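These notes are about the structure you will find just below.
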Amino acid sequence: MSRYNFRESEARWQEVWEQRGVFRASIDRSRPKYYVLEMFPYPSGRIHMGHVRNYTLGDVVARHRRALGYSVLHPMGWDAFGLPAENAALERGVHPAKWTYENISTMRAQLKSMGLSLDWSREFATCDPDYYRHEQKMFIDFLKAGLAYRKEAFVNWDPVEQTVLANEQVIDGRGWRSGAPVEKRKLSQWFLKITAFADDLLDALQRLDRWPDKVRVMQEKWIGRSSGAEIRFALKGREDRLTVYSTRPDTLFGATFCALSPDHALAEECARKDPALAAFIAECRRAGTSEAAIESQEKRGYDTGLRALHPFIPGKELPVYVANFVLIEYGTGAIFGCPGHDQRDLDFARKYGLPVIPVVLPPGADPKTFAIGDEAYTEDGTIFNSGFLDGLGVEEAKRAAGARLEALGAGKPQTVYRLRDWLVSRQRYWGCPIPVIHCEQCGAVPVPEKDLPVMLPKDASFDRPGNPLAHHPTWKHVACPVCSGAAERETDTFDTFFESSWYFARFCDPKGKTAFAREAVDYWMPVDQYIGGVEHAVLHLLYSRFFTRALRQCGYIGIDEPFAGLFTQGMVCHETYRGPDGEWLTPSEVKREAGTVVRLSDGAPVTIGRSEKMSKSKKNVVDPTEIIAAYGADTARLFMLSDSPPERDLEWTEAGVDGAWRYLNRVWRLVTEPPVPLPPPGTPKPAELSAEAEAAWRAAHKAIAAVSEHLEAFRFNVAVAQVRTLSNALAELDGTGPGEAWALRFGLETLTLLLGPMAPHIAESMWEALGREGLLCEQPWPKADPALLVEDRVTVAVQVNGKLRGTIELPRDAANDDAQSAALAHPAVQRSLDGKTPRKVIVVPNRIVNVVA
RNA sequence: GCGGGCGUGGCGGAAUUGGCAGACGCACUGGAUUUAGGUUCCAGCGGCCUCGGCCGUGGGGGUUCAAGUCCCCCCGCCCGCACCA
């Protein structure tokens, strides 16, 4: 018995594909184009199973589309700037560039071992100056177009490391490495004006009909368009006014307090005269900056002593608090509190003994007795206790209140977005330098185009706290491009989402002197199918949508939406293991033994934990390289596609990999050791087919139809099951009857073609073993004959009162009367009816007969 | 806290979108062949059962001739929340 030699085979086919350049993309106007893109990887060091899954899914799409006759673009590159490179520099003394490019070469080799149908000639890394020079020019164009600007914003500042921390690096108010209490600091930073496109980004979501609904909903919520009113409260004894935003101006008569964010200018002003308030504000700032942290903590406040005057009720004063649940980033950073109709306000009012005035009456409630208990009433109803608004519905009252505010000069209706402008400044070394020069005389001046790119200095030092670019002895000192006086470079670099917001368009012409060759971009864009993790559902995808619009406005490209189709894959998970001392163990450190799991080294008992996303911290990782070395890429790919639907989490199991491996060997035997010799390739269908031959022939056509349909719909697990169903049918054939050897060849060739996108190496070998000319990956996708998909006879279920009592065989499309009488004649039906006369019989042709007694 | 998603045998999952629940696998059980090689082949495999059936798609209610699928309420788990990428 000859075993399939995957090592020899995979290496050979990969070389053949590369030598013949079969996956090279080119503009070909005689065919429809198809651009398949998987989210490009961050070069962290080695590929992980998430990559294997992502790139397997994309490769199935790419190979399938190629077989369907499309001109396919399927490129690969590296999202190469980012924090981990700097951490490596700090921890191991490796330069970020060296670390990054070495990782890239390791990971490139790993990806190549997967046999992906990529056009490697288009590869680039975003840290290549030839890449990032273009985004520096884009930024300058954005500046000119008013899409980039500078303003002050709060950051998490680690006083020991002298650096800005990400929210995830702040743990319990302290820096993750230094342990020092994190300060909120205001820094002057660069922003991109994504809010300028808020309405368009929101409205265009409706047209992205090949995106998952959940992603569209997430983006919709993220943009968070709301209409309400801006209300300007007069302050007792002061000239200035307090501006708040509310989505519920209809509840203004129920207002019993106002509240400021701890970061509000007025709060800071009051704190200068009130040390206890200053202490309260400091405490709020320590509690964490993320929206999650702020909104889930206990509501607390501090009375500033200021009193706001109600715009509609003369003489009514509202206390002004500083409250920890008011976000500075949303609206105006100040609110009015209506405890009756907002849960947060209610919690706050109860805690501080503030009055609760209901102003929205639920339908059917009695205005004399209706009162608010522990729950605020947030549904629709009729306004009451509200002067001129009484009797209106919530929506009319919003409009009426807005109009009255405007008439009084105390506010106006307003639309507000949750979406904030994109802060792109990072105080880091390993990123694209922001091409601006700061001059005392001339202000912030863009670097002239002839001086681009602004390159990172190679000789930065990472051994002391702070931004290496800022410390560099010479790099930042330059002459002002306008007045030639002494000036300094901007030492901030771009957020790495900047690079990933346009790489997809660069792949159309990756070596061009300008960012985009219009001909190539116009031909290939948009991406027809984009594939990646849901974790990017909002930020990366929204930034890319914005960036594409900004590039269009600046004349770079002609489209708005970068990704016509989107697919978000699930995570790769694995069981977790803990040894006797509670320490995490990797799957390779344990073994299964008689139903339990023990440690490989000493047989100590191991506790099995639930399956979780593979992560270094829990050690539940399986290295793709080891799997590919042990089983081959095809087995790994097939397992990735089997069982779990691609959008759901996949559990990696040893048994599942074995199953995929056994299946491929089984298929190999089917092709190389058929029960009878196969007729030569191209033999015409014989006139006579045995019943078995006919069944196998039909099974092949059904498999073509089913696999095609499921591949289109991203149901790859079902497509794999259908391929297996075909191999089961072919294994049944003994080949001796009329036409059976022919049917077997037809079935095996079909099987090979269908398996091609999933397990491309073994499929090439099968094609060769079947004696066919040419490369399998260049064969057209097979077509199913619709006439062979339907059977002459069908099995129809027979129910009595909706319960299954048996089945009957009928000719296809039999008359309803025939179906009915056949069903009534069924012994089980007679038994169930027990002499009763059926009241009604429902016949669904070719499916079911339901006898209602 | 807010937002999003998911619950079907021991396990992963399937089910022409309202029409035979459990396709295809994994695990397991019995048998055959080979037996030191990540074998292969055959049979069985939701639960209960008086062998005629009864119960079963997280739980409870509803619509319908018919519900995993549609509607209402509840429970559990997972993910995101703006400087990780």
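What you see is a predicted model; the values in this text were computed from it and never measured. Chain letters run A, B, ... following the sequence lines, proteins first, then strands; residues in each count from 1.
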Sugar-phosphate, base or nothing in reach of [X], heavy atoms under 4.0 Å:
X: A/Ala660; result: nothing
X: A/Arg839; result: nothing
X: A/Ser425; result: base
X: A/Val164; result: base
X: A/Arg428; result: base
X: A/Leu650; result: nothing
X: A/His536; result: base
X: A/Pro645; result: sugar-phosphate
X: A/Phe325; result: nothing
X: A/Arg420; result: base
X: A/Gln427; result: base
X: A/Gln189; result: base
X: A/Trp422; result: nothing

Looking at [X], does any N or O in its side chain come under 4.0 Å of the phosphate oxygens OP1/OP2 on [N]?
X: A/Asn717; N: B/C24; result: no
X: A/Arg648; N: B/C79; result: no
X: A/Asn665; N: B/U40; result: no
X: A/Lys221; N: B/C2; result: no
X: A/Arg344; N: B/C2; result: no

How many whole angstroms separate atom [atom1] of [X] from atom [atom2] of [N]?
X: A/Glu647; N: B/C6; atom1: CD; atom2: P; value: 9 Å
X: A/Arg666; N: B/U39; atom1: CZ; atom2: C1'; value: 14 Å
X: A/Phe494; N: B/A82; atom1: CZ; atom2: C1'; value: 18 Å
X: A/Met218; N: B/A82; atom1: CE; atom2: P; value: 15 Å
X: A/Asp658; N: B/G12; atom1: CG; atom2: P; value: 19 Å
X: A/Lys613; N: B/C84; atom1: NZ; atom2: C1'; value: 10 Å
X: A/Lys840; N: B/U64; atom1: NZ; atom2: P; value: 11 Å
X: A/Trp661; N: B/U40; atom1: CH2; atom2: P; value: 11 Å

TODO: Please tell me which of the listed nucleotides, B/A15, B/C24, B/C65, lies nearest to the side chain of A/His710?
DONE: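 Nearest nucleotide to the side chain: B/A15.
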
Open item on the list: Given B/C24, B/G12, B/G5, identify the nucleotide with an atom nearest to the side chain of A/Thr725.
Closed with: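 Looking only at side-chain atoms, A/Thr725 lies closest to B/C24.
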
Side-chain H-bond candidate by donor/acceptor type, [X] with [Y], under 3.5 Å:
X: A/Ser188; Y: A/Glu152; value: no
X: A/Gln343; Y: A/Asp347; value: yes
X: A/Thr195; Y: A/Asp421; value: yes
X: A/Tyr663; Y: A/Ser642; value: no
X: A/Asn801; Y: A/Arg839; value: no
X: A/Asn54; Y: A/Gln569; value: yes
X: A/Thr100; Y: A/Trp78; value: no

Task: Check against salt bridge (charged side-chain N to carboxylate O under 4.0 Å, His left out), A/Lys618 and A/Glu612 - done: CA-CA 9 Å; A/Lys618 304 229 165 115; A/Glu612 294 184 60; 2.9 Å; yes

Task: Residue pair A/Arg426, A/Asp495: steps toward the salt bridge (charged side-chain N to carboxylate O under 4.0 Å, His left out) verdict - done: CA-CA 6 Å; A/Arg426 297 290 183 273; A/Asp495 176 6; 3.1 Å; yes

- [ ] Quick one: classify the glycosidic conformation of B/G9 as syn or anti, with syn meaning within 90° of 0.
- [x]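 That one's syn.
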
TODO: Classify the glycosidic conformation of B/U17 as syn or anti, calling it syn when the angle lies within 90° of 0.
DONE: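 The base of B/U17 is oriented syn (glycosidic angle within 90° of 0).
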
Task: Bracket notation of RNA chain B in which parentheses pair within the strand, [ ] cross earlier pairs, and | pairs with another strand (Watson-Crick or G-U, under 3.5 Å) - done: (((((((..(((......[....))).(((((.......))))).(((....)))..(((((..]....))))))))))))....

Pairs under 3.5 angstrom, nitrogen or oxygen only, protein versus nucleotides 46-53 of chain B, please.
from: B/G53; atom 1: OP1; to: A/Arg831; atom 2: NE; distance (Å): 3.4
from: B/G53; atom 1: OP1; to: A/Arg831; atom 2: NH2; distance (Å): 2.7

Give each protein N/O atom lying under 3.5 Å from an N/O atom of nucleotides 18-20 of chain B, with the pair distance.
from: B/G19; atom 1: O2'; to: A/Arg847; atom 2: NH1; distance (Å): 3.4

Open item on the list: Quick check against the 3.5 Å criterion: does A/Trp668 have a side-chain atom that pairs as donor or acceptor with the backbone of A/Asn5?
Closed with: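 Here the side-chain-to-backbone pair does not exist.
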
TODO: Examine A/Phe504 together with A/Phe40 and report whether their ring centres are nearer than 6.0 Å.
DONE: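 So the answer is no for these two rings.
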
Open item on the list: Let me spell it out: for each of A/Gly82 and A/Lys299, pick the nucleotide of RNA chain B with the closest heavy atom. Which residue's pick is nearer the 5' end?
Closed with: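 Between the two, 5'-proximity favours A/Lys299.
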
